[in-house]
**Q** 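Before anything else, here's the structure in question.
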Amino acid sequence: MARNLLKNPYGEEQLEFWELIVNGGNEWKVEDMPGDCGHDFCLEGVTKYFATSFEPCIKRQVIDLLAEGYSDDELDAQPAVTAEDWYCGRTDCGCTYQMTVCLLDNDCELIQEFKSEPVTLDPESEDCSWRKVTHTFSNYGPGMRFITFEHGGNDTKFWEGWFGVRVTGSSVTVEV
């Protein structure tokens, strides 16, 4: 089983290891499951999530694959790279969600990119419970040395506080 290369994917260490690219509204916050107007999480042992606010909140990690112990040869063999994320909305306010994952070369130039479809959740017309987005990269060519993982969103009613999308359980794995 490949290991998760993202640090602090569940918010157990607050916002440690995450670079806050956009920190709008009342900024990012870590809350306890299920939270106000929230949904129970489907995996045992997950107790926290990251909450967004009324203006965009985007956070990122950059993974240095050589520093993580992978060799040039292993990486040039184009191993499968899988990115996963879990997101949900509240039962009282709509939200937006986005995720972008990039494979980069040694100069941090783009090799391949995945952007999730833009998501808007509306609790008045749909179930806003936890959903998973997954993407696997393959046949992307040699040279990958870094991976960036970025995600976030905001609420759709511009309410003060943390009424935007909730995210947890993010992962990036490399199958060598």
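Not measured: the values here are computed from a predicted model. Numbers here simply count residues along the sequence, with the first being 1.
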**Q** Determine, for Phe163 and Lys157, whether the Lys NZ or Arg CZ falls below 6.0 Å from the six-membered ring centre while staying within 45 degrees of the axis.
**A** no

**Q** Using atom types as modelled and distance alone, determine if a side-chain donor or acceptor of Ser53 lies under 3.5 Å from a backbone N or O of Asn26.
**A** yes

**Q** Do Pro123 and Arg90 have side chains that approach each other closer than 4.5 Å (heavy atoms only, starting at C-beta)?
**A** no

**Q** Taking Lys7 first and then Glu68, would you say they form a salt bridge - that is, a charged N and a carboxylate O separated by under 4.0 Å?
**A** yes

**Q** Salt bridge check, Arg145 against Asp107: does any charged N sit closer than 4.0 Å to a carboxylate O?
**A** no

**Q** With sequence neighbours left out, what residues match Asp40 under side chain to side chain donor-acceptor pair (under 3.5 Å)?
**A** none

**Q** Nearest 0.5 Å, please: how far is CG in Leu104 from SG in Cys102?
**A** 6.0 Å

**Q** In plain terms, say whether Lys48 and Glu12 are close enough for a salt bridge, that is, a side-chain N and a carboxylate O under 4.0 Å apart.
**A** no

**Q** Regarding Thr120 and Thr96, is there a side-chain donor-to-acceptor distance under 3.5 Å anywhere?
**A** no

**Q** To the nearest 0.5 Å, what is the distance between CG on Asp92 and CG on Asp36?
**A** 8.5 Å

**Q** Would you give the length of the straight line joining atom CZ of Phe41 to atom OH of Tyr10, rounded to the nearest 0.5 angstrom?
**A** 6.5 Å

**Q** What's the shortest heavy-atom distance between Gly164 and Cys95, and which atoms?
**A** C-CB, 3.8 Å

**Q** What verdict does the side-chain contact (heavy atoms from CB on, under 4.5 Å) test give for Val22 and Leu20, after you've listed the backbone C-alpha separation in whole Å, the side-chain angles of each residue and the deciding distance to 0.1 Å?
**A** CA-CA 6 Å; Val22 181; Leu20 305 180; over 6 Å; no

**Q** Go through the steps to decide whether Trp86 and His151 satisfy the test ring pair (Phe, Tyr, Trp, His ring centres under 6.0 Å), and finish with yes or no.
**A** CA-CA 10 Å; Trp86 289 90; His151 67 172; over 10 Å; no

**Q** Within the 3.5 Å criterion, strictly below it, is a donor on Ser129 or Asp127 matched to an acceptor on the partner's side chain?
**A** yes

**Q** Return the CZ to CG distance between Phe54 and Asp155, rounded to the nearest 0.5 Å.
**A** 8.5 Å

**Q** Might you work through the side-chain contact (heavy atoms from CB on, under 4.5 Å) test for Tyr97 and Val167, ending with a clear yes or no?
**A** CA-CA 9 Å; Tyr97 167 81; Val167 294; 3.8 Å; yes

**Q** Would you check, one step at a time, whether the test side-chain contact (heavy atoms from CB on, under 4.5 Å) holds for Trp130 with Met33?
**A** CA-CA 12 Å; Trp130 290 98; Met33 289 280 182; 3.4 Å; yes

**Q** Could you give the distance from CZ (Arg131) to CG (Asp85), rounded to the nearest 0.5 Å?
**A** 13.5 Å

**Q** Given the rule in the side-chain contact (heavy atoms from CB on, under 4.5 Å) test, do Phe149 and Arg60 qualify, once you have shown the distances and angles that lead to the verdict?
**A** CA-CA 6 Å; Phe149 178 94; Arg60 171 174 68 183; over 6 Å; no

**Q** Below 4.5 Å, heavy atoms only, C-beta onward: do Phe50 and Lys59 meet side chain to side chain?
**A** yes

**Q** Just by distance, no angles: are the side chains of Tyr49 and Asp32 close enough, under 3.5 Å, to form a donor-acceptor pair?
**A** no

**Q** Does a side chain donor of either Thr52 or Asn154 reach within less than 3.5 Å of an acceptor in the other side chain?
**A** no

**Q** Can you tell which of Thr82, Val81, Ile147, Thr148 makes a side chain to side chain contact (heavy atoms under 4.5 Å, CB included) with Val101?
**A** Ile147

**Q** Quick check: do Gln78 and Met144 have side-chain heavy atoms less than 4.5 Å from each other?
**A** no

**Q** Find the distance between OG1 (Thr100) and CD1 (Ile21) and round it off to the nearest 0.5 Å.
**A** 11.0 Å

